[in-house]
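Written below as structure tokens is the structure these notes are about.
Lettering follows sequence order; numbering is per chain, from 1.
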There are 4 protein chains.
Amino acid sequence: MAAAVSDEAWLEAMLAVEAALARAEAAAGVIPVEAAAAIEAACDPARFDLERIGREAIAAATPVVPLVKALTAAAGGEAAGFVHWGATSQDVVDTAMMLVARRAVDLILADLDGLAAACARLAERHRGTLMVGRTLLQQALPITFGLKAAGWLVAVQEAREALGGLRDQRLAVQLGGASGTLASLGDRGLEVMSGLAQRLGLAEPALPWHGARGRVAELGSALAVAAGTAGKVALDVALLMQTEVGEVAEAAPGASSAMPHKRNPVAAVEVDACARGVQAELVVLVGALRAEHERAAGAWQAEWPALTEALRLTGGAAARARQALDGLHVDERRMRANLELTGGLVLSERVALALASGLGRGRAREVVEAAAARVAAGGGSLGDELLADPAVARCVTPEELEHLLEPGGYLGSTAAFVDRALARWRAGAARTP
Amino acid sequence: MAAAVSDEAWLEAMLAVEAALARAEAAAGVIPVEAAAAIEAACDPARFDLERIGREAIAAATPVVPLVKALTAAAGGEAAGFVHWGATSQDVVDTAMMLVARRAVDLILADLDGLAAACARLAERHRGTLMVGRTLLQQALPITFGLKAAGWLVAVQEAREALGGLRDQRLAVQLGGASGTLASLGDRGLEVMSGLAQRLGLAEPALPWHGARGRVAELGSALAVAAGTAGKVALDVALLMQTEVGEVAEAAPGASSAMPHKRNPVAAVEVDACARGVQAELVVLVGALRAEHERAAGAWQAEWPALTEALRLTGGAAARARQALDGLHVDERRMRANLELTGGLVLSERVALALASGLGRGRAREVVEAAAARVAAGGGSLGDELLADPAVARCVTPEELEHLLEPGGYLGSTAAFVDRALARWRAGAARTP
Amino acid sequence: MAAAVSDEAWLEAMLAVEAALARAEAAAGVIPVEAAAAIEAACDPARFDLERIGREAIAAATPVVPLVKALTAAAGGEAAGFVHWGATSQDVVDTAMMLVARRAVDLILADLDGLAAACARLAERHRGTLMVGRTLLQQALPITFGLKAAGWLVAVQEAREALGGLRDQRLAVQLGGASGTLASLGDRGLEVMSGLAQRLGLAEPALPWHGARGRVAELGSALAVAAGTAGKVALDVALLMQTEVGEVAEAAPGASSAMPHKRNPVAAVEVDACARGVQAELVVLVGALRAEHERAAGAWQAEWPALTEALRLTGGAAARARQALDGLHVDERRMRANLELTGGLVLSERVALALASGLGRGRAREVVEAAAARVAAGGGSLGDELLADPAVARCVTPEELEHLLEPGGYLGSTAAFVDRALARWRAGAARTP
Amino acid sequence: MAAAVSDEAWLEAMLAVEAALARAEAAAGVIPVEAAAAIEAACDPARFDLERIGREAIAAATPVVPLVKALTAAAGGEAAGFVHWGATSQDVVDTAMMLVARRAVDLILADLDGLAAACARLAERHRGTLMVGRTLLQQALPITFGLKAAGWLVAVQEAREALGGLRDQRLAVQLGGASGTLASLGDRGLEVMSGLAQRLGLAEPALPWHGARGRVAELGSALAVAAGTAGKVALDVALLMQTEVGEVAEAAPGASSAMPHKRNPVAAVEVDACARGVQAELVVLVGALRAEHERAAGAWQAEWPALTEALRLTGGAAARARQALDGLHVDERRMRANLELTGGLVLSERVALALASGLGRGRAREVVEAAAARVAAGGGSLGDELLADPAVARCVTPEELEHLLEPGGYLGSTAAFVDRALARWRAGAARTP
């Protein structure tokens, strides 16, 4: 991923734009075919001094001014006169940004697919593995680890589909010339724009989008959602890896420089750090929508590094989340032990509902709350405390209560949900509806 | 819009969820039909003390605990025992949030449609109205005001379509019970979820999404893009309204408390302020993706006010942007005067390209740069300065040069772009491809 | 707090500014004393129709235009001609914002003081209460709960001091007139500004700050730090309240609408939600620094609601964090049990350091890592696994090892740190140096 | 600046920490003096393979694990056993971060000083240079360019003082060991911490701050304020450089790749882009306050790149803002011409106030508004339109009116404000009070 968004990658993308532009213009009869061939031949990244272009870019607030100078020299002869014909800096930077984004997004999509597959494997394998569900960080009701993994799966797939959709539909060529009119291409503007789009495999926009930055903001949003979704998986992993919980462990936990025993959730931690970074870059990208006239004075220039960083960090988040799940060690016994930690409290809802028919709902809830409070205060199990209440004893037999307190019997639609998530995943489309 | 996202609107939406839930459960045979009828009858907002619910909500960190208490009292009798059956607080809040969002988004979409229509009218009327294009806040090349408006139009329409798509596909019912298993609904969970979705006209999700907040973050993103796009239009209006530019004026500019002569771009200013607010709320919404387990401890609770505010402010941005354009006064003479302000400099690209055939491209650019520098230093027009250069005089006649310096002749694809934007708008689909 | 930042509070503050302005101008001989008296008398909030002012504010993008109109009517007679003399909308809104901020900040400071006191009580009482320290959510080394609370204490005090310092030094009057020159006050501008500052008890700035928004951004930052610090306390509380950890419990945990046994960390959760909100508003406030000329077109108008909300939410965060700690139930036995959960692994660093003298540091670490791995794989305690290694047995006796594995003996500077924090707190100055 | 925050700079800083730690520990008798000497000698950046450390850092989620491994090998012999003694990864990273920050902040402060000096020069030279003040992007009242520059000066100085204050007081050493107790240093913890602080010239904190991230967030805030203040200057420059305004020009404007005449405000544009980036990183830094227990799982790891980037970008903003002002070309004639552009409307407030004594304030405002409207509609000057009104003619003579319409006579406290700002700047303390 680092390579896909490196300065080298940007240079390569900008040269690809210049080459394709020359070809498209030659095909439209705007510049000579020989000039286009010479320009294309000159667009070899190895011939350019990246550091120098970077240095000179500052003086013009765009790398295209020094790039065009160097390319003109490289093309030489007649062709020199036709380099960058009719284009402006922004055309090259924006279109190159789309190429860089496409390459990076493809890597991200592959990692999201791998992450989804890892979720699916866990959902399938642990479809019936009992564990406790937790809300507001408190134990709530029994679930299965398969259901938790299915929840991750659907979220990852939905984020992947949104990002994939943008990749296919919104990565568009930008070509407008100095003010978005393609003035210097005469009446061949649309033809050249269309040809450029075809050559680069990018979408053709309705209009040049020099001042309309929706597609960049949308891309940033989709990256933030994808990274945040990877972050959700990672946060759950880190919480489940807590020493006191111990239900899962990353396959390659991290060491400590001080403590020999440490097994840190390093993949999860790095996902979280990446996701925070991406979400901050989004502030730049949505802020850039408020762009002055035909090219913004600052907002646009802030977009390139922000999007580049957002791509890189989303790639990091997706890849590390996948690593966190690949080979994840799942401790089913610990899951079961944690589920039983409260002496049945996690079934309190079920018992209260069951007692409601005999006691009325309000009274049933009071009875169960009182018993739960005794359990929490150090009493016995919920079953014992309930049976000690004569009102309860009149409603249910000890056997019925034991049955009610069996977590595996109170899973509702868990299996159906897991199956549904897996079926959608197999069909390749989790996105609702 | 304020009404659509008010506390009253939230109460109404939560009650609509409780009522529809009871009906869906009765239809699935989970609760008695009579109980559902009584509950539905009790779900009358007028019977609830909003202030008290708000006050008591703090103690439970959710308004649903006091709401259910009040609704249980209101339903009374047998029905009391079946209120909120099988649901958890989050089910009610999340589904209500989708209802509130839908109502607010519908208002926003209407205003975006109105804004698009206003853009289209301007694009059509001013298809050929010459003005100068500006990049980095400097005059660049001639465009038409119609092209600028067409650029707004496409951006607004694309933002509208993205938001509209989310409205139709991603506003989904949330029903999972205390841990996302619908445990207390036994084997009727999916049936009830489906029934609830149908009754409320919301999408049915693959799985409960208590811990998977993608759809809220996506909605926040689409709002931020829509508000930011309105902000782009407003920023252009405010810049064009500058005293020194004076090309447009809002129909109802704002007064000053001190200066009798002031005509402030108040609608544009308020759009900008709203857009900034929405984009900040997005930080909360994408941050909430990193949610703990089956319900987040803080991130989730931060979502409701953030989304509510994002909806309200996007509504403000869209409505005020529309007002900024409706009845916009366009000063075509001032546009023309500004275009001629530089004595032809805005045609420098054209002249340099024209001279390139005679002088070579590099030499032509040098010649034009030198002439432009003399113009900027207080010389005559670009035409005069160029003709004073013998090298130029050998290449073009004064007549040819005069022709080159006519802005209306250097518009490239402007008209085609305007037509394309209008054609897509009329077809109701500007979103690429 | 809600009252301190309500629309009513804003109205009151704006009227206080108008009244003090009139008085200051009368004292400087700018307007008649009688007029000032009449204006002051008219500045009674009860006489103003808040809803109407709000409605009319939209048309001018400032509430001051309708406010001045109403005040002029209320003052009547001669005085009417001297209402708002020499001031502009921004003077009134900005100065009122400072007054609103001061009142809200005072409430926040009181809650931060209460929070600090609660931290100090816990630090004192639990100076020696053993618990485990956790890094990356993994058990690390023994600490005491007093040290944890001392860490909170120092953080809260530092945030409090920063906010208190801004309150005293940076809440300044704004008075510049329509363009920051105080033109209509002739040569009495500085005198009036100074008099206004004195009357309102605000600082006098070097210059009017209509276009220099540093103090607002600084205030927003201090609020974000304060709320985030409260959020750190709350996050620790919520993590320690996890069912599987169970080391503390809020005095008034929240109920669930579904599960009778739930004891939710509601105060902590609400702190977190508030902190997220404040930190988002900061995006607006630092963004507003980039303000156009003598008054920004959008950025300024976005400040008022953002700062108001930041004040309200920081107030919520501080108050709820204080509630989370007041009466916090601390389960010392559970702390001890969790500390022993790993069979001594949390002392692995200590053992490795002790063995280093005999085995060399590298070999000692390997030996301890191997033993730790056997413990983690389900073996016995770290002590047993180490003694089973002949290399270890040669270096330490079982008694020495037992001593090394006693957590209370490996606390380093814990007590000294707690004392230091408490001493600084008692001295009222924790802020370094 | 790039060098000050490079990977090399980080490596150097981390090694400086390890070396100072060894020295401080030797001085406290914790490790042998010879070992400390050997460790210090080994801390030569040239001996370390930065790329390899970076690669291996990923597996541990911290660069310190591979760094310590390499340093241990480099120290060799007895000393190897005493490398990194008693410290944890976070101690090294956090303290190194403070060193990196100090070096970068010093560069930033120098550029802010240079920027302030440039502002002061402009304030002094143009103390009386008339121009128009603009609010909401509309011409308001006369000011002087000196006053505008004085406003920049005060803002820059205040931001500089805040940042400088943090640099001196809040850049503190972090040393806590694995859990913040300095357990492995026995009773020498405080002595070593103090010694480390002295050796590195950093402040000594009350407590280790592994979980209390206030100082990093405060630093981030001060950077965001500094960058945003530079951004305010830059925005004004870019707006004043607009072709239609033309009041200033950067000394080295940027070229366009397409248009020979372009003179882009490149320095200003780059300041704006940098400021946007810094303000986004602040989201990460304030978010990191909500840190889990004794070391955060993600928030902490996100801090390093975010702060590094915030430092780099603030440096860019300050340096480029300084360049924008150094040698700024100021066009006094254009300022005057723009001031007169509206035929006297910018004096409407003054005229209305003057007429108030004769007509009453309300009537005077109406009269002036009506005249202003006629001017705006294409009539003559404000003076002519007013005199055409008999009511006005009865109150003022043409000579009096001419006098009232002289902008230089309506500057109020402008000169006093400029002098005040310059006096404070010369005294080296603009920060209120």
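- If you measure heavy-atom distances from Gln138(B) to chain A, you find no contacts under 4.5 Å at all.
- For the atom pair Leu411(B) CG and Leu182(A) CG, the distance stands at 11.5 Å (nearest 0.5 Å).
- Heavy-atom distances place both the backbone and the side chain of Leu190(B) under 4.5 Å from chain A.
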Verdict with reasoning, Glu349(B) to Ser184(A), per side-chain contact (heavy atoms from CB on, under 4.5 Å):
CA-CA 8 Å; Glu349(B) 182 196 50; Ser184(A) 56; 4.2 Å; yes

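- Ser221(A) contributes atom OG, which lies 11.5 Å from atom CG of Leu219(B) (distance to the nearest 0.5 angstrom).
- Here CZ of Arg213(B) is found 12.0 Å from OG1 of Thr229(A). Values are rounded to the nearest 0.5 Å.
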Less than 3.5 Å apart, which donor and acceptor atoms pair up between the side chains of residues 230-239 of chain B and the rest of the protein, not counting sequence neighbours?
| residue | atom | partner | partner atom | Å |
| --- | --- | --- | --- | --- |
| Lys232(B) | NZ | Ala291(A) | O | 2.8 |
| Lys232(B) | NZ | His293(A) | O | 3.0 |
| Lys232(B) | NZ | Asp236(B) | OD1 | 3.2 |
| Lys232(B) | NZ | Asp236(B) | OD2 | 2.9 |
| Asp236(B) | OD1 | His293(A) | N | 2.8 |
| Asp236(B) | OD2 | Trp152(B) | NE1 | 2.9 |

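- Neither the backbone nor the side chain of Ala356(B) comes within contact range of chain A, judged by heavy atoms closer than 4.5 Å.
- Glu294(A) contributes a side-chain N or O that, together with a main-chain N or O of Arg134(B), makes up a donor-acceptor pair within less than 3.5 Å.
- Contacts of Trp85(B) with chain A are made by both backbone and side-chain atoms, with heavy-atom separations under 4.5 Å.
- Salt bridge annotation for Glu204(B)-Arg420(A): present, with a cationic side-chain nitrogen under 4.0 angstrom from a carboxylate oxygen.
- Contacts between Glu292(B) and chain A at a heavy-atom distance below 4.5 Å involve backbone atoms as well as side-chain atoms.
- Between the side chain of Arg361(B) and the backbone N or O of Gly81(A), at least one donor-acceptor pair lies under 3.5 Å.
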